[in-house]
Amino acid sequence: MSAKITALVLALSSASFAHADVITQWNFNSTPADTSTATGSLATSVGSGSLSGVGGVSLAFGSGASNGGSSDAVTVDDTGLQTTGYAAQGQGNKLHGVQFSVSTLGFDHISFGYDLRHSNTSSRFEQVQYSLDGVTFTDLAGFDGNAGDTWFNGRTVSLAGIAGAANNANLSLRVVAAFAPGTSNYGAASPTGTYAGTGTWRFDMVTFSGTAMAAPVPEPSSYAIALAGLVVAGSLARRRKVI
Ligand SMILES: [Ca+2]
Ligand SMILES: [Ca+2]
């Protein structure tokens with residue numbers, strides 16, 4: 001195989017193994033860093049997007065490093081998004097939490113991830129929901145935060161199988177407090193705790209990832225023509241050497 005053909009084959013191979021890119025991320029840290037984890041930023045740290053409390057949940061800041069810490073690599077002034085003001089026991093199932101909205105234009109194989117610290121009295125169960133239009137939300141995955149004052153890092157859900165999540169100008173994900181499965185009540189994160197709407201969830205490293213959509217791929221017949229052309233060129237070159 002000539003060097004030209006080898007190069008072309010390698011180029012075609014690498015195109016089909018594109019890696020995931022971070023589309024948007026929030027690390028909630030102050031920019032520039034200051035001396036207080038009680039101050040932070042709601043602005044994205046990578047890409048663009050917006051966030052908001054859902055169902056009257058209030059937003060503030062708290063340490064991203066306490067209680068074992070989030071996955072944030074920052075060691076000085078690591079802040080998380082502190083949330084509280086959740087529903088009273090037995091009320092508002094899946095209606096209180098935080099919403100994150102981004103554009104995934106130009107990306108497919110979308111995934112969503114976050115770190116979450118549950119306080120002792122916060123809801124043990126999280127429901128992740130998605131919306132393709134910012135209006136109608138659908139359950140996607142649930143998680144169990146079965147310990148209080150504890151970070152659960154690397155929560156990840158894939159939207160690769162959700163038609164319309166890719167290349168979407170208005171994709172929204174919500175993480176909301178959910179009743180314990182099969183019941184009409186919230187569970188407390190701490191096995192010895194009692195749920196209260198004043199409990200807190202603290203987010204960090206909220207991340208949308210995806211794979212950059214390739215430019216239109218040439219038809220296989222185009223590859224064949226290109227390869228044939230190189231083979232002919234290669235054989236002509238060899239003939240000239242023989243002569
Ligand atoms: Ca700060
Ligand atoms: Ca942080």
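Quick caveat, the model's predicted, so the values are computed rather than measured. Hydrogens, waters and symmetry mates play no part in the numbers below; they use all other heavy atoms, side chains included. For ligands, and for the atoms within them, numbers begin at 1 and follow the listed sequence.
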Working to the nearest 0.5 Å, report the span between [atom1] of [X] and [atom2] of [Y].
X	Y	atom1	atom2	value
Q89	Y186	CD	OH	8.0 Å
S209	D21	OG	CG	8.0 Å
L173	L159	CG	CG	5.5 Å

field: Heavy-atom pair of closest approach, residues H118 and F152
entry: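 That closest heavy-atom pairing would be CD2-CD1, 3.6 Å.
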
- prompt: Linking I/L/V/M/F/W/Y whenever their side-chain heavy atoms sit closer than 4.5 Å, directly or via other members, would I110 and M205 fall into one cluster?
  reply: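 Unlinked, I110 and M205 end up in two clusters.
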
- prompt: Can you pull the side-chain hydrogen bond (donor to acceptor under 3.5 Å, both in side chains) pairs that have at least one residue in residues 153-170, sequence neighbours excluded?
  reply: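 Listed by first then second residue: E126-R155.
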
- prompt: Are there any protein N/O/S atoms under 3.0 Å from the Ca ion (ligand 2), and if so, which?
  reply: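 Per the 3.0 Å query on the Ca ion (ligand 2), atoms found are N27 O, N29 OD1, D72 OD2, D78 OD1, T79 O, D204 OD1, D204 OD2.
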
message: Tell me which N, O or S atom from D34 is the closest to the Ca ion (ligand 1).
response: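 This turns out to be OD1.
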
query: So, T37 and the Ca ion (ligand 1): N/O/S under 3.0 Å, yes or no?
result: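 Of the N, O and S atoms in T37, none lies under 3.0 Å from the Ca ion (ligand 1), which means no.
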
task: Would you give the angle at the Ca ion (ligand 1) between T39 atom OG1 and S30 atom OG, to the nearest 10°?
output: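 Centred on the Ca ion (ligand 1), the OG1/OG angle is 80° (to 10°).
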
task: Name the orientation class of the two ring planes belonging to W201 and F203 (parallel below 30°, tilted from 30 to 60°, perpendicular beyond 60°).
output: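 The rings of W201 and F203 stand perpendicular, inter-plane angle above 60°.
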
